[in-house]
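For reference, the structure is listed below as structure tokens.
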Amino acid sequence: MRALILLAHPEPRSFNAHLAVQAAAQLQHEGLRADVVDLYADGFDPLEAEHQHPQRLQPDRFDAQREQRHAAEQGHLPTDVQRHLGLLKAADLLILQFPLWWFAAPAVLKGWLDRVLVYGPVYNSRQRHEHGVMQGKRALLSVTTGSSARACAVDGREGDTRLLLWPLMYSLRYIGFEVMQPHIVHGVRSGLRGEHAQAHDAALAAATHAYRERLAQWRQWPTMPFNDSGDFEQGVALRAEAPVHSPFIRHRDEA
């Protein structure tokens, strides 16, 4: 089995980079081949735009989905996209490792989704959600925040971190992944001194140990619930009797 760990942090000595390395080591110990891809170190271009598709289907108007599908069918996807797509398809477990910036993932990671989740090979109108191309595979968001767990709780000033992560997790579900409950380490800061720095480092060491212990049982890691296609009338609106798993998809009388 194989794991793909995508690191989206510009500092190679960051705690995020450390978690990516530790995750790879633990998964290798469990018998997986683990590939760590550092998007910043690789200079990954996050912009999906016409310059990525020199052999255009429609030279006069850029339509990202049509150009992606055309490039895939003609065998001339950009080289970096081909590489990442190959790693993604080969992976049984995908881990996205990133810090929460401005209540979302860094732009390079959003750009990775825009470019690598290619229309056609990765999803289409018939292959999505529980019927997605990545069905049978698992995905995990491993995230750090600078604020405390209390501030990032449902009633915290920073907003509910798990709710902020839902759109990204839903994107992974959209292409078929079984999405694991997110792994979040709060209070990751820099520039501390003295006793504060010692306590901070000890807390991060404990968090790293706990993360490795959980990854040792990654197949039993709890997953996120999502509505299946049968929960929607004509595939569009949530049925009255269907369960609600998130404020993002709920019954109208609950809005």
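One is the number of the first residue; the rest follow in order along the sequence. Only this structure's heavy atoms are used, side chains among them; waters, hydrogens and symmetry mates stay out.
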Solution key, residues 169-177 side-chain donor-acceptor pairs under 3.5 Å, sequence neighbours excluded:
residue	atom	partner	partner atom	Å
Ser171	OG	Pro167	O	3.0
Arg173	NH2	Asp228	OD1	3.0
Tyr174	OH	Arg128	NH1	2.9

I'd like a table of donor-acceptor pairs (distance under 3.5 Å, sequence neighbours excluded) in which one partner is a side-chain atom from residues 150-159, with atom names and distances.
residue	atom	partner	partner atom	Å
Arg150	NH1	Asp155	OD1	2.8
Arg150	NH2	Asp155	OD2	3.3

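In terms of the side chain to side chain donor-acceptor pair (under 3.5 Å) criterion, residue partners of His186 (sequence neighbours excluded) are, by chain and number, Thr145. For Arg83, the salt bridge (Lys or Arg N to Asp or Glu O under 4.0 Å) partners two or more places apart in sequence, or in a different chain, are Asp42. Ala72 meets the side chain to side chain contact (heavy atoms under 4.5 Å, CB included) test with Leu77, Val118, Pro121; sequence neighbours excluded. Not a single side chain to side chain donor-acceptor pair (under 3.5 Å) links Asp38 to another residue, sequence neighbours left out. When the salt bridge (Lys or Arg N to Asp or Glu O under 4.0 Å) test is applied to Lys89, no partner is found at least two apart in sequence or on another chain. Looking at residues two or more places apart in sequence or on another chain, you find no salt bridge (Lys or Arg N to Asp or Glu O under 4.0 Å) involving Arg239. Take Arg138 and apply the salt bridge (Lys or Arg N to Asp or Glu O under 4.0 Å) test, not counting sequence neighbours, and it matches Glu178. Listed by chain and number, the residues in a side chain to side chain contact (heavy atoms under 4.5 Å, CB included) with His245 are Pro225, Asn227, Pro243 (sequence neighbours excluded).
With a 4.5 Å cut-off on side-chain heavy atoms, Ile249 and Asp231 do not count as touching. Two residues are said to be in side-chain contact when any heavy atoms from C-beta on lie closer than 4.5 Å; Gln58 and Arg66 meet this criterion. When side chains are defined from C-beta on, Val37 does not count as touching Leu7, because their heavy atoms never get closer than 4.5 Å.
Residues His53 and His70 place their aromatic rings such that the two centres sit no closer than 6.0 Å.
Salt bridge absent: Asp45 and Arg115 never bring a charged side-chain N and a carboxylate O closer than 4.0 Å.
Residue Val236 belongs to no hydrophobic cluster, having no ILVMFWY side-chain heavy atom closer than 4.5 Å to its own. Grouped by direct or indirect side-chain proximity (heavy atoms under 4.5 Å, Ile/Leu/Val/Met/Phe/Trp/Tyr only), Leu93 sits with Met1, Ile5, Phe15, Leu19, Leu27, Leu32, Val36, Ile95, Leu140, Met180, Val185, Val188, Leu204, Tyr211, Leu215, Trp218, Trp221.
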- Query: For Gln68 and Glu48, what are the C-alpha separation, side-chain angles and deciding distance, and is it a side-chain contact (heavy atoms from CB on, under 4.5 Å)?
  - Reply: CA-CA 10 Å; Gln68 285 184 355; Glu48 178 59 302; 2.6 Å; yes
